[in-house]
Amino acid sequence: MKRAIPVSDVVLGPLERAYANDALTEGAISGLFGKYISKFEDDFSRYSDCKHGVAVSSGTTALHLALVAMNPALKPGDEVLVSTLTNMATFFAVLYQGARPVPIDIEPDTLNLDPKLLEGKVTPRTRAILVVHLFGHPVDMDPVLEIARRHNLVVIEDCAEAHGATYNGKKVGSLGDVGCFSFYANKIITTGEGGMLTTSDRALADRAMSLRSLAFGDKNKFMHKDVGYNYRLTNLQAAIGCGQLSQIEDFIENKRRIARFYNERLGGLDLLELPKEKSYARNVYWMYHVVLKGRFADRRSEVLSRLREEGIETREGFIPYNMQELFVERGLTRPEECPVANSVALRSFYLPSSPRLRDGDLDYVASCVTKILGSA
Ligand SMILES: *Cc1c(COP(=O)(O)O)cnc(C)c1O
């Protein structure tokens, strides 16, 4: 090991400490009271071009709550079209409701769900489309929304990796019926653990607010309105979130600077496919995700171990739903169901993408990648 260059990092400023201390001083550390929860909801939903925000305990619970708060709630037997290449939390949320996720293969360039494949997967049981703005690049939403309108489907956006990304100038989280964000430690902004639903549908926001907090009664608190959940974000976490949100454009600009640097330095290598930014997109480059090609296409583990020897941390790309042994064994999917995702998954990894990385670090990473791919 020469030097340690991490894939990601938590960057906390003085405002996070000041707000968190304030919450501690007031003793407002739970998810039931304290001024930071509603401030974080108001500020983040406004930032995401939505009328309402509902803070929750994680990106996973945001996704689950969206599926319960849609009207009527997702139920066993229903089908949801889901982008196959994602963090499996996206699929778990559908399975929590006993519904059937139907994996949709990806576009080879953006790695997002391919809208052309949706129509052929719609059945009378289809209720929703769950898109994932992967690695910070927005999905091509117009064709998705058009199909949803024609078949009366709910559109849910998994925005866990794409805070602040835009599609034709509009923020992700405001494009479908509801957006689901994560504030896990490695996301664009963080509260340690946390999440948020964004929507401009007042009734959906009200149901989500109630269900995230045990669906307490209005007149008589302990006469519950529904089978609720405890998916609350704490005021202490929301305080950190408010501090993080004030810096979000700096974090994004840093991610974009890293992408520009790598694009420039690695663009000449014909053994590596680099992330894209379509004309409709503002990519926030959550992780700088690359795909090996040519004579390195089946040598990912060798490339990653040589980078590790140089002190460069990397991460293998996601394994698509259709290749998860758990679901193949249960007969829910077949490995060959999404061939494009399969081909990308085995060849992909991320380079260090921490906003803290200076040009010198990026230069070192780019030189090592070039050296490794230039040899053999
Ligand atoms: C991180 C992530 C999630 C899950 O969020 P948690 O806060 O870790 O529960 C869901 N979907 C995607 C695409 C993610 O990257």
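Owing to the predicted nature of the structure, the values given are computational and were not obtained by experimental measurement.
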I'd like to check [X] versus [Y] (side-chain heavy atoms, cut-off strictly below 4.5 Å). Are they in contact?
| X | Y | answer |
| --- | --- | --- |
| S353 | K255 | yes |
| H163 | F251 | no |
| S83 | T90 | no |
| Y229 | T61 | no |
| T126 | K121 | no |
| Y167 | D140 | yes |
| Y280 | M141 | no |
| V369 | L269 | yes |

Check the surroundings of atom [atom1] in [X]: do more than 12 heavy atoms from other residues, nucleotides or ligands lie under 6.0 Å from it?
| X | atom1 | result |
| --- | --- | --- |
| K51 | NZ | no |
| L274 | CG | yes |
| E336 | CD | yes |
| D359 | CG | yes |
| E264 | CD | no |
| R358 | CZ | yes |

Answer yes when [X] and [Y] have at least one side-chain N-carboxylate O distance shorter than 4.0 Å, and no when they do not.
| X | Y | value |
| --- | --- | --- |
| K75 | D78 | yes |
| E249 | R256 | no |
| R212 | E41 | yes |
| R356 | D361 | no |
| E146 | R150 | yes |
| R265 | D363 | yes |
| D42 | R46 | no |
| K35 | E26 | yes |
| E277 | R260 | no |

Check whether any side-chain N or O of [X] sits under 3.5 Å from a backbone N or O of [Y] as a donor-acceptor pair, and report yes or no.
| X | Y | answer |
| --- | --- | --- |
| N112 | H137 | yes |
| T370 | A366 | yes |
| E193 | S57 | no |
| K171 | Y47 | yes |
| R347 | L292 | yes |
| Y36 | I240 | no |
| S210 | R207 | no |
| N342 | M323 | no |
| Q97 | A93 | no |
| Q244 | T190 | yes |

Check [X] against [Y] and note the closest heavy-atom contact, atom names and distance.
| X | Y | answer |
| --- | --- | --- |
| P101 | V82 | CB-CG2, 4.1 Å |
| S200 | C50 | OG-CA, 3.6 Å |
| G164 | I252 | CA-CD1, 4.0 Å |
| P6 | P352 | O-CB, 3.3 Å |
| V10 | A185 | CG2-O, 3.6 Å |
| I37 | G31 | CD1-O, 3.6 Å |

Stacked cation flag R330 on F327, 6.0 angstrom / 45 deg:
no

Should the pair K221 and F216 be classed as cation-pi, given the thresholds of under 6.0 Å to the six-membered ring centre and 45° from the axis?
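Yes, a cation-pi geometry holds between K221 and F216.
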
Please round to the nearest 0.5 Å and tell me the distance separating atom [atom1] of [X] and atom [atom2] of [Y].
| X | Y | atom1 | atom2 | answer |
| --- | --- | --- | --- | --- |
| L197 | E157 | CG | CD | 11.0 Å |
| L175 | D49 | CG | CG | 8.5 Å |
| T86 | I319 | OG1 | CD1 | 13.0 Å |
| F91 | N322 | CZ | CG | 8.0 Å |
| Y19 | L245 | OH | CG | 9.5 Å |
| F181 | L63 | CZ | CG | 11.0 Å |

Could you go through the side chain to side chain contact (heavy atoms under 4.5 Å, CB included) check for L304 and F349 one step at a time?
CA-CA 8 Å; L304 299 198; F349 66 98; 3.5 Å; yes

Run the side chain to side chain contact (heavy atoms under 4.5 Å, CB included) check on M287 and E161 step by step: do they pass?
CA-CA 8 Å; M287 290 287 174; E161 305 180 356; over 6 Å; no

Working for side chain to side chain contact (heavy atoms under 4.5 Å, CB included), residues L266 and L351:
CA-CA 12 Å; L266 304 175; L351 289 175; 3.7 Å; yes

Please check if [X] and [Y] belong to a single hydrophobic cluster, counting links between Ile, Leu, Val, Met, Phe, Trp and Tyr side chain heavy atoms closer than 4.5 Å.
| X | Y | result |
| --- | --- | --- |
| V290 | I372 | yes |
| L134 | L346 | no |
| L85 | I129 | yes |
| L118 | M70 | no |
| L111 | L130 | no |

Could you tell me how the ring of F318 sits relative to the ring of Y350: parallel (under 30°), tilted (30 to 60°) or perpendicular (over 60°)?
perpendicular

Indicate the ring-plane relationship of H64 and Y96, choosing parallel, tilted or perpendicular according to the 30° and 60° boundaries.
perpendicular

Ring centres of F183 and F44 under 6.0 Å apart?
yes

Could you go through the side chain to side chain contact (heavy atoms under 4.5 Å, CB included) check for L204 and N71 one step at a time?
CA-CA 8 Å; L204 192 150; N71 195 17; over 6 Å; no

